[in-house]
*Asks:* 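The structure that follows is given in the form of structure tokens.
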2 protein chains.
Amino acid sequence: MDTAEANLSRKGERTRQTLLDSAEKLFAEKGFYGVTVRAIAKEADADPALVAYYFGGKRELFDAVLLRRAERLNQIRLDRLEQCERDAGPEGPSVEDIIASFTEPLLDRSENGGPGWKSYFALIGQVTNSPEWGADVMAKYFDPIVRRFLEALRRALPDAPDEELFWCYHFLSGALVLTFAETGRIDSLSGGLCKSNDLSAVHRRLPLFVGAGFRRLCAESPASSAQSDLDATQ
Amino acid sequence: MDTAEANLSRKGERTRQTLLDSAEKLFAEKGFYGVTVRAIAKEADADPALVAYYFGGKRELFDAVLLRRAERLNQIRLDRLEQCERDAGPEGPSVEDIIASFTEPLLDRSENGGPGWKSYFALIGQVTNSPEWGADVMAKYFDPIVRRFLEALRRALPDAPDEELFWCYHFLSGALVLTFAETGRIDSLSGGLCKSNDLSAVHRRLPLFVGAGFRRLCAESPASSAQSDLDATQ
DNA sequence: GTCTATAGCTTGATAGAC
DNA sequence: GTCTATCAAGCTATAGAC
């Protein structure tokens with residue numbers, strides 16, 4: 001009865017999780033400074049003092065929110081990438097397959113994981129673009145999995161200089177986090193034709209879009225890409 | 001002597017601009033809620049009460065910060081696009097040329113416009129990814145210029161369905177605002193090989209990367225692109 | 001493990017002197 | 001136009017009852 005399973009049903013652990021859920025939701029909506037400990041406690045139907053009891057303080061609660069799903073997400077992404085590599089032929093998975101392994105776990109959790117995951121990804125979207133947290137927090141929780149994906153991409157694009165791979169990943173990252181921020185911007189810009197929460201639309205497009213960018217910049221085969229670059233740019 | 005030029009040198013107008021500069025810098029660093037009116041006034045060496053006097057309140061100051069450079073930036077971008085269209089042959093500018101017209105004004109202002117522009121773009125990066133401001137604020141200040149660019153792209157990609165164009169723009173937008181957030185993430189991820197503030201590196205890469213994505217998804221000529229899609233994805 | 005009570009500050013806004 | 005003084009409200013954090 002002292003398993004992790006049993007721990008989850010203990011009274012205090014339930015309160016702790018509820019506080020994490022509420023904090024996740026509110027931080028995702030208004031950012032770290034836009035939310036008060038009292039608001040989080042009220043949303044969780046708990047006492048504000050419990051934030052200090054379980055986490056130490058507001059900042060530590062923020063870190064706990066970020067960590068909770070990062071661990072699960074990284075495991076899912078790693079499994080998905082390894083599956084993708086097993087399924088590929090001896091030449092290895094394509095750039096697009098690798099990118100899909102990186103992005104699809106987010107799509108899946110956002111669609112099928114419940115509202116907590118949606119909030120979590122929206123929060124990541126804000127943290128990523130913040131000068132205050134963007135470098136340190138993202139490195140802390142996601143560097144290992146990103147490096148693992150970059151290795152896979154390096155094998156798929158053997159002629160690519162590392163510098164190109166990092167910049168391509170950077171562009172991918174920007175497109176990805178804006179997508180999962182689901183701000184509603186594309187809805188109003190397109191007059192309702194496209195919807196922020198239509199993640200299957202993203203599923204069809206993002207790996208192709210980003211894959212084309214990787215191929216263009218990472219010049220998988222210099223001879224063939226030089227040709228297309230020339231007539232594309234001039 | 002009652003020209004706009006003269007107005008800029010009037011005592012009160014100078015205070016107003018200094019408050020805008022300080023607010024821009026601090027909002028860019030910690031977001032709307034992470035900054036206090038007192039901190040802004042202190043940074044500007046002015047009295048906190050002057051925020052109410054000139055702007056009405058904190059929120060109105062925030063709007064004034066966003067508006068100030070949006071107006072100038074939109075004019076620069078429009079001029080740049082029209083120049084690009086004039087310079088192009090009868091077949092019109094390429095996708096890459098149009099994208100460069102959209103992104104280069106940001107690169108130029110960030111490099112040559114002084115620190116205020118850098119702060120401004122970092123702030124835009126945060127606002128864009130925020131569920132609270134991402135849709136409304138961005139639409140308010142940037143919808144007209146974005147629609148103008150989408151029209152240009154529609155001419156360059158005559159077979160593209162509108163839906164594809166909007167999603168491609170969405171991916172472009174994500175990559176762009178993360179770039180100008182200059183969070184330092186790529187610096188640590190790449191171990192110093194790439195630098196967030198190396199905007200000439202972006203200048204060389206972003207239009208090619210994004211252009212390839214547009215071409216892939218918007219299938220400029222179905223016959224030719226179908227071929228490359230096929231051998232790319234499977 | 002949960003709650004009350006409260007300490008000790010800081011917040012945005014404003015009234016009114018100069 | 002600028003400043004001082006101040007308000008009412010809200011903030012995080014904590015000590016201690018239960």
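Sequence lines set the chain letters: A, B, ... in the order given, protein chains first and strands last, and positions in each chain run from 1.
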*Asks:* For a quick test of reading the model, state the closest non-hydrogen atom pair linking A:V127 to A:F62 and the distance between them.
*Replies:* CG2-CZ, 4.0 Å
*Asks:* Between B:K25 and B:E29, is there a salt bridge with N-O shorter than 4.0 Å?
*Replies:* yes
*Asks:* May I ask you to say whether B:D143 pairs ionically with A:R185, meaning some side-chain N is under 4.0 Å from a carboxylate O?
*Replies:* yes
*Asks:* Check whether any side-chain heavy atom of A:T128 lies under 4.5 Å from a side-chain heavy atom of A:L176, and answer yes or no.
*Replies:* no
*Asks:* Can you find a heavy atom in the side chain of B:L20 that is under 4.5 Å from one in the side chain of B:L61?
*Replies:* yes
*Asks:* Using whole Å, report how far OH of B:Y33 lies from P of D:dG10.
*Replies:* 15 Å
*Asks:* If you define the side chain from C-beta out and look only at heavy atoms, does anything of B:S173 sit under 4.5 Å from A:L178?
*Replies:* yes
*Asks:* For residues B:E13 and B:Y54, is any side-chain donor paired with an opposing acceptor at under 3.5 Å?
*Replies:* no
*Asks:* If you walk 5' to 3' along DNA chain C, what is the first nucleotide with an atom under 4.0 Å of a heavy atom in chain B, and what is the last?
*Replies:* C:dT11 to C:dT14
*Asks:* Give the residues of residues 50-65 of chain B touching DNA chain D, defined as any heavy atom closer than 4.0 Å, sorted by residue number.
*Replies:* B:L50, B:Y53, B:Y54
*Asks:* Does a salt bridge link B:R77 with B:E71, judged by any charged N lying under 4.0 Å from a carboxylate O?
*Replies:* no
